[in-house]
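Side chains included, hydrogens not; waters and symmetry mates left out as well; all remaining heavy atoms used. Below, chains carry the letters A, B, ... as their sequence lines are ordered, and counting in each starts from 1. Predicted model only: the values in this text are computed from it and were never measured.
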Amino acid sequence: MLIFALVDANSFYASCEISFRPDLAKRPVVVLSNNDGCIVAANQIAKDLANQHTQNYGSGGYASAKPTSMMFQPYFKVASFLERHNTAVFSSNYELYGDMSARMHRMLGEFAAAQEIYSIDESFLDLTGMTGLVGDLTAYAQMIKQKIHQGLGLPVAVGIGSSKTLAKLANHLAKKRVQFKGVLDLTAVSEDTLNALLKQVEIGDVWGVGRRYADKLVAMGIKSAYDLKVANIKTLRKQFGVIMERMVRELNGQACLTLEMVPPDKKQIVRSKSFGQPVHDLKKLEQAVATYAARAAEKLRQQHGVCQYLSVSIRTNPFKQDQPFYANHHAMGLVYPTDSTILITKLAKRLLKRIYQPGCAYHKAAVCLGEISVKGAMQLDVFAPDPQYSANPKSDALMSVMDKVNAKFGKGSLELASQGLKQKEQWAMRRAMCSPRYTTRIDEVMVVY
DNA sequence: TCTGGGGTCCTAGGACCC
DNA sequence: TCTGGGGTCCTAGGACCC
């Protein structure tokens, strides 16, 4: 039997801050998002406080699957309430959290042969076959928990199960029920006990069940994790697809998901941020977009990628009822995939100009790089869409075609030409450029596009 | 006054090809 | 009765995660 452990830090951002300020341990602590917009982390004391006073500020505008009444509240709505209760409030410090996260994951990696770093504050560990080495897994997990606390001052909970979904679920219970003292090993309990525990977990708290699925499942009479475990797998498969089938199997202890020890490269890199103040001016918008583009390009180069798709979006504040709402985005494919900051920022600015409307109070901008591949592979892909041309992708003939295009229409004209083209049209253009049949018709190709 | 910033996967249907 | 059939690519939309 496979055995997975999920180690998850409690209220990670808040705990990081508390770690350096032990005097805060007995006070409510919250951490705010970018521009101090809303609450993204709250320690247990703050959460309890909020639960007692939910009616004071309602459930908030964010549709979160599993809302804790405190999380994602706009800060301004709860600021005075928090102040009355002597809450410590922090702006987010992502460098600190990133550093603490790296330390925690490094430490956790020491406790198992295999580790998957699942998120900033969660690791899956492979504990399969460890009982012979370490004996009781609950005791082992308690030891892990204590080491992390001693080393970093971070409280963590450990859930153990025979599938990732069960480990997640065990972690959830370990955090919620004080009697487990932060550790629950579902592989060590009897079937009856396991089922009794699953009955106590709301369907929406199962990993992979968001609000939409939860609503639908409840309507079908599936209200708890146990209900899902024993539900008819074929019916669910038909109605929800393969994801739900997998969840049912995982709940039954059949591991369908494996540990991913090497994080895959990103398929898409996004940099988006709301502004502290409304921005009207194109120049200022350009600055922001150029910065985001440069950061995204940096990230792209870190994974040795090149992007083939670029999009820029801007919007006004959707919460401002008294102002007209405007949101738009524009995308382009790049005939030459690139990781160049200069080119990417330049093209991003060009896209921005297409969607910018004077007179709007902009609130947010974003840059997205997509269709990312490893450098060498993408070159081949782009220069040789047909196998018959792939023998020598950088053949003299091809290069001369490109030289010819650039000479005739100016450097960068290919990017310009491909703006707004559909994927298919781009391929057609590339094929046209690569194919000896078309080399004499470059002028036509460029004119057409 | 003041409302986050990232990501992934699956599916259905249409276009197109042979 | 039954009006071809199989395959791929692309896109949009819907769901989820932290």
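- A residue-by-residue look at A/Asn34 and A/Phe76 shows that A/Phe76 has its nearest nucleotide of DNA chain B further toward the 5' end.
- Straight-line distance from the CG atom of A/Asp36 to the P atom of B/dT3: 10 Å, rounded to whole Å.
- For A/Tyr97, the side-chain hydrogen bond (donor to acceptor under 3.5 Å, both in side chains) criterion is met by A/Glu17, not counting sequence neighbours.
- Judged by distance alone, the side chains of A/Ser80 and A/Glu83 never bring a donor and an acceptor atom under 3.5 Å apart.
- OP1 or OP2 of C/dC16 has not a single side-chain nitrogen or oxygen of A/Arg212 nearer than 4.0 Å.
- Aromatic ring centroids of A/Tyr362 and A/Phe275 lie 6.0 Å or more apart.
- Here the C1' atom of nucleotide B/dG5 and the OH atom of A/Tyr94 are 7 Å apart, to the nearest Å.
- Set against C/dC17, C/dA15, B/dC10, the side chain of A/Val242 has B/dC10 as its closest nucleotide.
- Taking 4.0 angstrom as the limit, A/Asn35 places none of its side-chain polar atoms (N or O) nearer than this to OP1 or OP2 of B/dT3.
- Applying the 4.0 Å criterion to OP1 and OP2 of B/dG5, one finds that A/Ser274 has a side-chain N or O inside that range.
- A cation-pi arrangement, defined by a distance under 6.0 Å to the six-membered ring centre and an angle within 45 degrees of its axis, is absent between A/Lys147 and A/Phe111.
- One finds no side-chain N or O of A/Lys266 lying less than 4.0 angstrom from the OP1 or OP2 phosphate oxygen of B/dG6.
- If you check every strand for non-hydrogen atoms under 4.0 Å, A/Ile269 touches sugar and phosphate atoms only.
- Residue A/Asp215 contributes atom CG, which lies 13 Å from atom C1' of C/dA15 at whole-angstrom precision.
- Using a 4.0 Å heavy-atom distance criterion, A/Phe240 is classed as making no nucleic acid contact.
- Nucleotide B/dT1 holds its C1' atom 14 Å from the NZ atom of A/Lys77, rounded to whole Å.
- Distances shown here put a side-chain N or O of A/Lys267 below 4.0 Å from the OP1 or OP2 atom of B/dC9.
- Taking atom NZ of residue A/Lys364 and atom C1' of nucleotide B/dG5, one finds them 7 Å apart after rounding to whole Å.
- C/dG4 and B/dC16: their C1' atoms are spaced 16 Å apart (whole Å).
- Between A/Glu122 atom CD and C/dC17 atom C1' there is a gap of 9 Å when expressed in whole angstrom units.
- In terms of the side-chain hydrogen bond (donor to acceptor under 3.5 Å, both in side chains) criterion, residue partners of A/Asp36 (sequence neighbours excluded) are, by chain and number, A/Ser91.
- Not counting sequence neighbours, A/Glu260 has no partner by the side-chain hydrogen bond (donor to acceptor under 3.5 Å, both in side chains) test.
- Mapping A/Arg271 and A/Arg246 onto DNA chain B by nearest heavy atom places A/Arg271 closer to the 5' end of the strand.
- Side-chain atoms of A/Lys273 lie closest to B/dG5 of the nucleotides B/dT3, B/dG5, C/dC18.
- Candidate nucleotides C/dC18, B/dT8, B/dT3 were compared by shortest atom distance to the side chain of A/Pro74, and B/dT3 ranks first.
- Between the CG atom of A/Asn10 and the P atom of C/dC18 there is a distance of 14 Å, given to the nearest Å.
- Checked against salt bridge (Lys or Arg N to Asp or Glu O under 4.0 Å), A/Glu298 has no partners two or more places apart in sequence or in another chain.
- Rounded to an integer number of Å, the gap from A/Phe319 CZ to B/dT1 C1' is 15 Å.
- Shown here are the salt bridge (Lys or Arg N to Asp or Glu O under 4.0 Å) partners of A/Arg301, two or more places apart in sequence or in another chain: there are none.
- Salt bridge annotation for A/Arg103-A/Asp99: present, with a cationic side-chain nitrogen under 4.0 angstrom from a carboxylate oxygen.
- A/Lys299 comes within 4.0 angstrom of no nucleic acid atom, judged by non-hydrogen atoms across all strands.
- Within the nucleic acid shown, A/Asp121 comes within 4.0 Å of sugar-phosphate atoms alone, with no base atom in reach, counting heavy atoms only.
- OP1 or OP2 of C/dC17 has not a single side-chain nitrogen or oxygen of A/Lys168 nearer than 4.0 Å.
- A sub-4.0 Å separation between OP1 or OP2 of B/dT3 and a side-chain N or O of A/His363 is present.
- Picking from B/dT1, B/dC10, C/dC17 the nucleotide with the shortest atom distance to the side chain of A/Ile243 gives B/dC10.
- When base pairs are accepted only as Watson-Crick or G-U wobble with both N-N or N-O distances under 3.5 Å, DNA chain B takes part in stems of 3 or more pairs at B:5-18 with C:5-18.
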